[in-house]
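Working notes, structure below.
Below, all heavy atoms of this structure are taken into account, side chains as well, without hydrogens, waters or symmetry copies. Everything numeric here is computed off the predicted structure, so don't read it as measured data.
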There are 4 protein chains.
Amino acid sequence: MSFNTYGHIFRVTTWGESHGPALGATVDGCPPGIALSEADIQVWLDRRRPGQSRYTTQRREPDAVEILSGTYEGKTTGTPIQLMIRNTDQRSKDYSEIAETFRPGHADITYWQKYGIRDPRGGGRSSARETAARVAAGGVARAALAALAPELSVTGYMVQMGSRRIDPARIDMAEIERNPFWVPDAAAAEEWGTYLDSLRKDGQSVGAMIEVRIAGAPPGLGAPVYAKLDTELAAAMMSINAVKGVEIGEGMSAAGLTGTENADEIDMGPDGPVYASNHAGGILGGISTGQDIVVRFAVKPTSSILTPRRSITRSGEPTEVVTKGRHDPCVGIRAVPVAEAMAAAVMLDHLLLHRAQVGEGPRGRIG
Amino acid sequence: MSFNTYGHIFRVTTWGESHGPALGATVDGCPPGIALSEADIQVWLDRRRPGQSRYTTQRREPDAVEILSGTYEGKTTGTPIQLMIRNTDQRSKDYSEIAETFRPGHADITYWQKYGIRDPRGGGRSSARETAARVAAGGVARAALAALAPELSVTGYMVQMGSRRIDPARIDMAEIERNPFWVPDAAAAEEWGTYLDSLRKDGQSVGAMIEVRIAGAPPGLGAPVYAKLDTELAAAMMSINAVKGVEIGEGMSAAGLTGTENADEIDMGPDGPVYASNHAGGILGGISTGQDIVVRFAVKPTSSILTPRRSITRSGEPTEVVTKGRHDPCVGIRAVPVAEAMAAAVMLDHLLLHRAQVGEGPRGRIG
Amino acid sequence: MSFNTYGHIFRVTTWGESHGPALGATVDGCPPGIALSEADIQVWLDRRRPGQSRYTTQRREPDAVEILSGTYEGKTTGTPIQLMIRNTDQRSKDYSEIAETFRPGHADITYWQKYGIRDPRGGGRSSARETAARVAAGGVARAALAALAPELSVTGYMVQMGSRRIDPARIDMAEIERNPFWVPDAAAAEEWGTYLDSLRKDGQSVGAMIEVRIAGAPPGLGAPVYAKLDTELAAAMMSINAVKGVEIGEGMSAAGLTGTENADEIDMGPDGPVYASNHAGGILGGISTGQDIVVRFAVKPTSSILTPRRSITRSGEPTEVVTKGRHDPCVGIRAVPVAEAMAAAVMLDHLLLHRAQVGEGPRGRIG
Amino acid sequence: MSFNTYGHIFRVTTWGESHGPALGATVDGCPPGIALSEADIQVWLDRRRPGQSRYTTQRREPDAVEILSGTYEGKTTGTPIQLMIRNTDQRSKDYSEIAETFRPGHADITYWQKYGIRDPRGGGRSSARETAARVAAGGVARAALAALAPELSVTGYMVQMGSRRIDPARIDMAEIERNPFWVPDAAAAEEWGTYLDSLRKDGQSVGAMIEVRIAGAPPGLGAPVYAKLDTELAAAMMSINAVKGVEIGEGMSAAGLTGTENADEIDMGPDGPVYASNHAGGILGGISTGQDIVVRFAVKPTSSILTPRRSITRSGEPTEVVTKGRHDPCVGIRAVPVAEAMAAAVMLDHLLLHRAQVGEGPRGRIG
């Protein structure tokens, strides 16, 4: 990771501000010969797009992606892929007051302190709008994974929203696509709708917890000891706006377990090792085991709320901040497709990094 | 991060196996003219060294560091600093059985699957012994920070060990150095000793939670959007052996909060902004605010336990694994100085990265 | 350097094909607060633009740059700067024959062999049109240098074109901007025009040698031993299309000198060391001395010529290739602004890298 | 390249000073399962070792390499390989005068200006002794190439020494190993011995030109447009001490050719394309063609000579410098094995980088 770039081989650089003319992603290192059209990417962007339900910001933008380079006759050429998304809903308004005030919980103050200049329009570079570029790049990663590791799947879903958690007994992965919260629990989805309506009415916001499950990853991915697979997945999630914590498998609760409880016992199955449990979350020593990889992360509640909060201006004067207008009561909802995109990019990158050092597929045979 | 290297400007590459002739760290990009002797590094290594109390592994090694390059007359020259630690306690024993068996919860199986070869002696590269090299490199980072940002301090301590947590009401930072658990709570320290004794007697292990607090960091550090300060601290911690989760400030519990609860209100103080709370953990938008930076992470219990666990051999035969001999009932204890070292390295690196792009100190003035 | 990216701190990734919808550069790591408008960049692009004299390709494109991100109210914000240039002169024609044939001396065959796919339209990614993106990025570097090191200047010029060389006795730097060859010799310029006219009439091409002189660089820039300043300048030039050799100071002829002839003696001047000569080309041990930095490189003649050349098709059949239509008899002419851009980017990058590790300005005082 | 590291996948970081306790190379990213012993590396170090003939410095060191990590039972494990060479011939002497004086043509002055501190003992980090670490790392690259691309060979040899050039008509590659100059021309070897004897007697030095020929490289290696194979070979050579110019194939003389002369015509051979000539030096568009890759570079004469040269002291006083004692009359001789090592490392790195993005072997078939 380096400023606005992540990845070793499959390298993504995102660019653009919330209210500039456009934003996008420069994707380098993609394998050649991968079928890729704008539609292949648009399908993922459409999942992230705001304004699709009453639970997300009412900013309405088509978020239409254009591929400006890197493909020929519908296939990647191995050269940089430029993905551009025009910003079309930059309501012209007066930003002079916003430019002078620091909203509590926003990056306004730190961008100012760091750079001595910031684009105040819609949060500029610190806006969650940047994540559209991540999703577009993730679409390229998905296309490459479909060709190189067709059995690999990446699925994100919400497991907590504010004070509500899903009931593990009711989990049904087929529900994820049937509700606006990406929650694998039909009953939760309904109740959460009511909950969020009341929060929205109060101009309140809540945090969320999201889980990403990567199934079908081959064993052997990850580059210890500093480019471990769990390290890079954690970094990928932590780099998403508003994320405050990330865990793998048992995660933070591993602190409370004993070694006997935590060990995943191993049996020999017909196609190789089979694990009796998955406390490890599919990663041992930074390398994938072949089990499901399980990553969980927490998104803080947005600080764009109706309750007035104490703050200061650029000249150091006390002030009060209230956020009016369109906003997301739970920004965690839209973090789901973003996290999937980041996970897809990391998995592809490690697939390529593995074949760089070790060659195609895992090396050591068992049985 | 790239294989065994981390850092942008202050770049650390660690090398070495548990039972090879030596291990160490190649440190590049250190500013020149920094006072640095072996003693300056040894003091940190001594904190991590095993065998200091009955609560850590009884492997006894001096872990004496040698500076092989990069200094002249007690000062860094700006050229690579090679830090070497000889392994002196490699008990010669027969590793043929270990080489054939995969210990549940260890990286044995994934290293084998990835590389098709592994050094079975003491876990080879996947051993926590690698963290000695991290601590040595952290010693260089501390020396440079002492010169460039003398007000910055990095303090790690345990906040949970298995089923025991500290009592926030009893926290006294001065206690940290007075007990073998680095716990800022004298009463806890005493009770934890008894607890750990009983675990050790049973050949059991427990997980732990560690907090690292970085005080005195200037505002403006961090390089959004992929080299954010929280992203890089999270990656640094997640790369440490056995770490399964990491969080900043409010962390995972942010998922359950409302925006009103989570916002850190801002007042103007005599020397700049003052925050009424620190839910953010000192970082907004990936950039330091000037508050204390608070990072927390969970270490899983070691799977080297006396309870037999089911596993398989390299040829796919079922077997049972019991770990006898020296081991740590709570590997989290020794993770404290390691985490401090990683935090110091990340902070120095971002200090240098900031002055690369922006120059010395923060840019935007307030008030 | 990594695929399509160069630079440590000031990082440039170029993207785009000759006949795609657009091409451009993603510029990351630029210092904030630098005055930068599209006009500041356009002025450099206009120098490279084809069709300005009868000596360069008659492809006519405005090469108008758009800044899509990274500036606010005319200043850089420290976030990624996206520079886009629309391709407007992609004559629609049938590329099916070109797609099947490999032109001798072109990258057609190697791109095909490497990737198994290539964009045949105008050479795709291997086209010298990619250098427009380099020039645009160089414009950003120039703007930053103007603010950070105003005394630093970068000047490129031709010193040889085919069988013609400039006469050192007649060099007048003011002439460079007065002729279409960027040659600092008025008499040469005139004669070279006649020479090139006759080559063009014959459908012939010639190589060229270009020199870039960087004046006003402070001593102390460069990061030995692998990111030496001369190494990185050499790499920057060698990465330009058609470049086959690069040298610093005395260059290749240093092989024939004695140590007595080659040593640059040092005297003390009023403002520091003064060198009696500059065989070193302004760089010792990979670090700038404060003298003029002198880089020279050779551009091969384009293989797009009227003389039929033997080749093969994709199916391995023998064929003959003749290039008709617009082309440059001396592609070296347009390499001049490209080389300047690359030199400016490298110098800025090393200025930033130096201040990362060492701080502002050189460290060791003399006198 | 980054400070003291080069390579994308096969990453080499060298460390150490001329007169410190040791120097070495940290080699990361090497494929696992490669047969590698100290003897495999020593054989290459022995070729570079000083004091082997009367034509190189009389410093006598065994330059014995120790592998401190990264192998197990004679094979690489895929973890970092630490190669250490003890310095044994650091004659203790008084360096206080040298520390105060800048030798013309040396990096003394620029290291001082950059860092404000330097190790004056034997040139410290700027000493050509650092190249021993390059050769050791090259030995690892050779071992990996022997396994992954057994048909690939790397051969360096001198083509010019001061005023003497080899006669192309007399080239016999078998001669290279038979004389102390690595010159493929028996008659030249004899005459050069006499020439160098006389230079040595006069305390004079001369430059040299070295050619490296890489045969058996598959087509398709190289990562345009900034990690081109020629760019990276040029950078690798330019980073070697005293190198002032580097060229590929026709090189600098391409400036004087016409397109007709320079084009390498292509025929279809039994196993793929066959080129009628090799002006390109085996690389088109930054990607290998499958022909011999030909790199040439110039080494300047060392400035350690008996002729007094004018210089200044650190306090700015005028002085005169004469280098007495052991030195190389032609440092270019020992640059031959160094260049081979660098070429081997670059080729291996690109082999791995290619299989990362594209997979094993070239992609596009011809015929």
Structural part of D:Leu233 lying under 4.5 Å from a heavy atom of chain C: neither

Residue D:Lys300 versus chain C: region with a heavy atom under 4.5 Å: both

Ring-face cation contact, D:Tyr195 with D:Arg164, 6.0 Å cut, 45° max: yes

Leading residue by heavy atom contact count with chain C [cutoff under 4.5 Å; candidates D:Val358, D:Val321, D:Asp267]: D:Asp267

Per-residue contact mode, D:Arg365 against chain C (heavy atom under 4.5 angstrom): backbone

Side chains of D:Glu100 and D:Thr313, donor plus acceptor under 3.5 Å: no

Exercise: do D:Arg118 and D:Thr110 side chains pair donor with acceptor under 3.5 Å: no

Toward chain C, the part of D:Glu232 with a non-hydrogen atom under 4.5 Å: side chain

Chain C contact via D:Tyr275 - which portion, at a heavy-atom distance below 4.5 Å: side chain

Which portion of D:Gln357 sits near chain C, non-hydrogen atoms under 4.5 angstrom: side chain

Contact origin within D:Ser126 toward chain C - heavy atom pairs under 4.5 Å: neither

Interchain contact, D:Ile210 with chain C, by part (heavy-atom threshold 4.5 Å): neither

Part of D:Met158 within contact of chain C (heavy atom distance under 4.5 Å): neither

Contacting moiety of D:Asn4, where chain C heavy atoms sit under 4.5 Å: both

